[in-house]
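Have a look at the structure below before the remarks.
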There are 2 protein chains.
Amino acid sequence: MPDQPTPTNPALEQAKAQFIQLWGASSANWGISRSLAQMHALLLVSPAALSTEELMAQLQISRGNASMTVRELMDWGLVYKELKPGERREYFVAEKDMLQVTRCIIRERKRRELDAMKRSLAQLAALPGDPADPEYREFHRVLGDIQQLTDSADSVLSGVMKAEKNWLIDKFLRMFL
Amino acid sequence: MPDQPTPTNPALEQAKAQFIQLWGASSANWGISRSLAQMHALLLVSPAALSTEELMAQLQISRGNASMTVRELMDWGLVYKELKPGERREYFVAEKDMLQVTRCIIRERKRRELDAMKRSLAQLAALPGDPADPEYREFHRVLGDIQQLTDSADSVLSGVMKAEKNWLIDKFLRMFL
DNA sequence: CACAAGTTTCAATAATTATTGAAACTTTTG
DNA sequence: CAAAAGTTTCAATAATTATTGAAACTTGTG
């Protein structure tokens with residue numbers, strides 16, 4: 001059973017820790033748990049696959065938390081299990097291609113949030129009412145405007161998901177700069 | 001002091017309540033408080049300006065909460081104060097143009113999150129190290145890739161903020177469909 | 001200028017959400 | 001198949017975040 005073969009460059013370790021910190025701090029803005037964000041950051045900057053033990057140690061979290069969090073990352077498609085031959089223990093690697101990472105996140109959030117929202121809005125908009133009533137008209141106008149917005153968002157996100165590596169950035173830069 | 005002049009259509013009121021509910025429920029996904037989302041929804045679907053009292057009553061929240069939440073909405077630029085002549089009380093109206101609303105939200109979130117993130121990433125990337133060390137190389141590659149992503153996001157968001165009413169939707173639809 | 005009407009603040013508290021840890025479960029191995 | 005190694009689950013608890021409500025403050029009024 002070989003120990004960490006890392007030369008443990010202290011400055012680098014500190015920079016990584018800062019990065020994990022930074023990623024963890026912005027978790028609150030995106031409605032995900034701190035552990036999830038931190039574990040993702042850790043796996044992103046680790047060249048080698050990490051075991052549950054290592055995740056627990058590096059992030060200072062419990063086994064239970066590590067187990068649930070790594071599974072959630074796999075659900076998002078952001079992390080893969082890696083079985084080493086002759087090893088009982090499971091190891092985990094992050095998807096490293098950031099375009100792919102972006103696609104995963106967009107796909108999941110679109111499915112969980114945007115699609116659900118669109119369904120609910122459609123249901124609300126189907127409600128009949130007196131078109132002479134200003135309250136009713138206002139309500140329907142707002143609903144319609146929001147639906148336009150969600151539809152646009154849907155188009156954009158679907159487009160991004162299908163996009164090729166450079167196509168996307170090229171188009172965007174051409175479009176906005 | 002005139003009472004509510006509303007004919008209070010019960011079906012409509014229920015639909016509005018559902019909308020407020022829906023909006024409030026998705027607050028968790030975006031890192032904002034439920035009160036903030038609900039109050040925004042309420043003001044969006046109200047044709048008339050509402051007083052603090054009315055906000056409190058409709059959302060069933062305390063005066064303190066109402067006061068802080070309405071202020072936060074004004075900080076975002078999503079709600080305006082409306083002073084009625086001869087009235088002491090303050091009234092509040094939402095920005096109703098959804099493109100404008102989108103711009104406000106993008107502007108603020110970009111400022112608070114993206115810009116801050118870019119600064120931190122740049123700082124981390126400036127860290128010197130041994131280019132032969134694979135750990136160091138991996139770390140720098142990830143940082144670089146993320147910076148590319150944040151830069152693209154920046155371009156896109158800046159573009160959206162400047163966009164004209166139909167220009168945006170047209171372009172997007174043309175681009176992605 | 002004293003009072004009334006309205007607004008803001010913020011420490012205390014409630015509600016929510018994340019995390020732990022131990023027990024149950026699963027899989028591998030001698 | 002018993003023990004060992006590893007993983008998952010979930011009720012209990014900790015940590016965090018949102019909300020309340022009462023006191024302080026501000027502004028307009030007779």
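Numbered from 1 within each chain, the chains take letters A, B, ... in sequence-line order. Owing to the predicted nature of the structure, the values given are computational and were not obtained by experimental measurement.
Rounded to a whole Å, the CD atom of A/Glu53 is 12 Å from the P atom of D/dA5. Here D/dG6 presents its C1' atom at 11 Å from CZ of A/Phe92, a figure rounded to the nearest Å. Here D/dC25 presents its P atom at 16 Å from CE of B/Met68, a figure rounded to the nearest Å. As rounded to whole Å, 7 Å separates atom C1' of D/dA18 from atom CG of B/Asn65. For the pair A/Glu87 CD and C/dT27 P, the computed distance is 19 Å after rounding to whole Å. Straight-line distance from the CD atom of A/Glu72 to the C1' atom of D/dT8: 15 Å, rounded to whole Å. Rounded to an integer number of Å, the gap from B/Ile32 CD1 to D/dT16 P is 22 Å. Rounded to an integer number of Å, the gap from NZ of B/Lys81 to P of C/dG6 is 14 Å.
Taking side-chain N and O atoms only, B/Thr52 has no distance below 4.0 Å to OP1 or OP2 of C/dG6. At the phosphate of D/dT17, neither OP1 nor OP2 sits under 4.0 Å from any side-chain N or O atom of B/Ser33.
One finds a salt bridge joining B/Glu135 and A/Lys16 here, because a Lys/Arg side-chain nitrogen approaches an Asp/Glu carboxylate oxygen to under 4.0 Å. A salt bridge is defined here as a Lys NZ or Arg NE, NH1 or NH2 lying under 4.0 Å from an Asp or Glu carboxylate O, and A/Asp115 with A/Arg119 fails to meet this definition.
In the set C/dT8, D/dT9, D/dT19, C/dT8 carries the atom at the smallest distance from any side-chain atom of B/Arg63. Residue B/Arg71 places its side chain closer to C/dT8 than to any other of D/dT20, C/dT8, D/dC10. Side-chain proximity of B/Ser35 to the nucleotides C/dT20, C/dT7, D/dT19 is greatest for D/dT19. Out of C/dT8, C/dT20, D/dG21, the shortest distance to the side chain of A/Ile61 is found at C/dT20. Closest to the side chain of B/Ser62, from the set D/dT7, C/dT9, D/dG21, is D/dG21.
Residue contacts for A/Ser67: at a heavy-atom cut-off of 4.0 Å it reaches a base atom on one of the strands shown. Residue-level contact check: B/Gln60 touches the backbone only, with heavy atoms under 4.0 Å from sugar-phosphate atoms and none from bases.
Dense packing is recorded around CZ of A/Arg112, with more than 12 heavy atoms of other residues, nucleotides or ligands lying under 6.0 Å away.
Ranked by how close their nearest DNA chain D nucleotide is to the 5' end, A/Ala28 and A/Glu90 are led by A/Glu90. Residues A/Gly86 and B/Val70 each lie close to DNA chain C; by heavy-atom proximity, the contact nearer the 5' end of the strand is made by B/Val70.
Side chain A/Arg88 to base C/dT27: a donor-acceptor pair is found below 3.5 Å.
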For residues 76-84 of chain A, dump all side-chain donor-acceptor pairs below 3.5 Å to protein atoms at least two apart in sequence or in another chain.
from	atom 1	to	atom 2	distance (Å)
A/Tyr80	OH	A/Glu95	OE1	2.4
A/Lys81	NZ	A/Glu90	OE2	2.8

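Contact annotation: the side chain of A/Thr52 never approaches that of A/Val70 to less than 4.5 Å [non-hydrogen atoms, C-beta and beyond].
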